[in-house]
Amino acid sequence: MENKMFCYQCQETAGCVGCTVSGVCGKKPEVAAMQDLLVYVTKGLSAVTTKLRAEGKTVSPDVNHLITTNLFITITNANFDRDAIIDAVEKTLSVKNALLAEVNDKFSLPEAAAWSGAVSEFDEKAAAVGVLSTENEDIRSLRELITYGLKGLAAYTKHANVLLQDDESIDDFLQSALAKTLDDTLGVDELVSLTLETGKYGVDGMALLDKANTEKYGNPEVTSVDLGVRENPGILISGHDLRDLEMLLEQTEGTGVDVYTHCEMLPAHYYPAFKKYPHFAGNYGNAWWKQKEEFESFNGPVLMTTNCIVPPAESYKNRLWTTGAAGFPGCKHIEGGYGEKKDFSAIIEQAKVCPPPTELETGTITGGFAHNQVFALADKVVDAVKSGAIRKFVVMAGCDGRQKSRDYYTEFAKKLPEDVVILTAGCAKYKYNKLDLGDIGGIPRVLDAGQCNDSYSLALIALKLKEVFGLDDINDLPLAFNIAWYEQKAVIVLLALLHLGVKNIHLGPTLPAFLSPNVANVLVENFGIAGIGTVEDDLKLFFG
Ligand code: FSO
Ligand code: SF4
């Protein structure tokens, strides 16, 4: 097997150019190859489903779910298990081959729709269909920008789908856009339009997930979350899948095992439906990249429901479990499809014989400022803006990461003028959510809406403020955007914000390596996208 790879889909890509020997994330070339192949065959399947729809045939939800799950598997830090990815490629080929037989006009389909092969041929094919197989750097850049946006969209729709909410128009678009990334007749202009259209569906996807979450679990409320530990053994649940958390809470009830959230699962505490569980103990640790130390000291089992997985140390690998799109070789995986009940009994049994978590910190943090809760406080917020008590808001949503340069966000938060309020969502918040930034007339200076997909809430809040202040343009609000990105969900959030007309977004700590100079120029010229500078310069830029 040839040990070569090329991946530049995340912010931590090697040298800000591309991972070619091994992923900074820990992804090995042989896993990268199968992810490339999975993306390719998923695009092939999408070309087939798009053709079937054009011929007036329907595509089943199972096929839609297969496509979203496949994309989710290839997101940064989600799945490192080559065998599981090979299984997904085989399944996709078999579904695609069956559907291909139903297509009348097979001649206009791309090569990916026709290709099929045995496992022994997978590596050779993978080497021919990776990112660099598109030679023109601008076309490659746009195809990847769209594909990464679609990966983020797929992750969000998958979370809605497991709550039995589907929106066929999103799947239809997602698949047709995947198919278009294979179409050599499309040039830069068409792909720029497709990029912006992807943002529209990004809004729809986040809206669908918001509806799914709030209909099932209620509207997030202002909540104070414990950071300390209790005396019982515990299970730590990470990732973004609230349905998995719900099943885990149900199954741990009365067992003497507590459940703690980690990283992006923290916002689960804000939902009324989960507050009824007395053993839902609190949040343990920080953002994903600190998990090596924190999973070690947690002492009990850890369940990864999605990314972000850091390759585990041997010392706790037998306590790391995956489910859904997540996977790591040698870690046990809990199966369970859409609408099925997962069986977490083996995790619970393991927890019972583990010592309780070692305390990392004490105290609480407050969050739950999603749209409904903020609308309930709207008068207070509007008064504070009108009186000048709040001068400006700064959206600092997105992701955290391990690079030292991200200390910028902590410094930026610390040095913000005292009349500025941070609106946040996603794991980016861990850079400043434990600083004591105080409040303005009872309004905390860090308003956490929730997970990265709850950036949708921040957009709704901005639109509401625009309405209240009678403005025509969202960009006239006293609102700045200083967003931190890491992986592909942040890409769909960015495209969604562009679709909503937000201009002058600052994106850091570095701009995506997958933006070619020309594509970056399009974003700069049309949307005023910019990178970050020094904390001092940026504070001056944002707040004068
Ligand atoms: Fe963070 Fe990871 Fe939620 Fe991402 S845990 S980095 S943008 O998966 O999805 O915010
Ligand atoms: Fe490199 Fe990021 Fe790709 Fe991992 S996901 S291989 S760190 S670019």
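Read the numbers this way: they start at 1 and go in the same order the structure lists the ligands and their atoms. Residue numbers start at 1 and run along the sequence shown.
Shown in contact with C263 at under 4.0 Å from a heavy atom are these atoms of ligand 1, numbered in order with element: 5 (S). Each of the atoms 7 (S), 8 (O), 9 (O) of ligand 1 lies under 4.0 Å from some heavy atom of K489. Within ligand 1, counting atoms from 1 as listed, the ones closer than 4.0 Å to a heavy atom of N307 are 8 (O).
For atom 6 (S) of ligand 1, the nearest non-hydrogen atom from the set C10, G426, C427 belongs to C427. Considering each of E487, E264, Q11, the one bringing a non-hydrogen atom nearest atom 10 (O) of ligand 1 is E264.
At the shortest separation from atom 6 (S) of ligand 2 among protein heavy atoms lies G23 CA, 3.5 Å. Shortest contact from atom 2 (Fe) of ligand 1 to any protein heavy atom: C308 SG, 2.2 Å. Protein heavy atom nearest atom 7 (S) of ligand 1, with residue, atom name and distance: C399 SG, 3.0 Å. Among all non-hydrogen protein atoms, the one lying nearest atom 2 (Fe) of ligand 2 is C10 SG, 2.2 Å.
In this pair, W485 and F514 present their aromatic rings perpendicular. The plane angle is above 60°, beyond the 30 to 60° band. Note: F274 and Y271 have perpendicular aromatic rings, judged against thresholds of 30 and 60 degrees for the angle between ring planes. Taking the six-membered ring where tryptophan is involved, the planes of H159 and F72 are perpendicular, since the angle between them exceeds 60° and thus also 30°.
For H240, every heavy-atom contact with ligand 1 shorter than 4.0 Å involves the side chain, none the backbone. Within the 4.0 Å heavy-atom criterion, the part of M5 lying near ligand 2 is the side chain and not the backbone.
Among the atoms of C25, no N, O or S atom is found under 2.8 Å from atom 1 (Fe) of ligand 2.
At a cut-off of 3.5 Å, with distance as the only test, no side-chain donor of S22 or K27 sits close to an acceptor on the other residue.
Aromatic rings from Y260 and F298 are positioned such that their centres are separated by under 6.0 Å.
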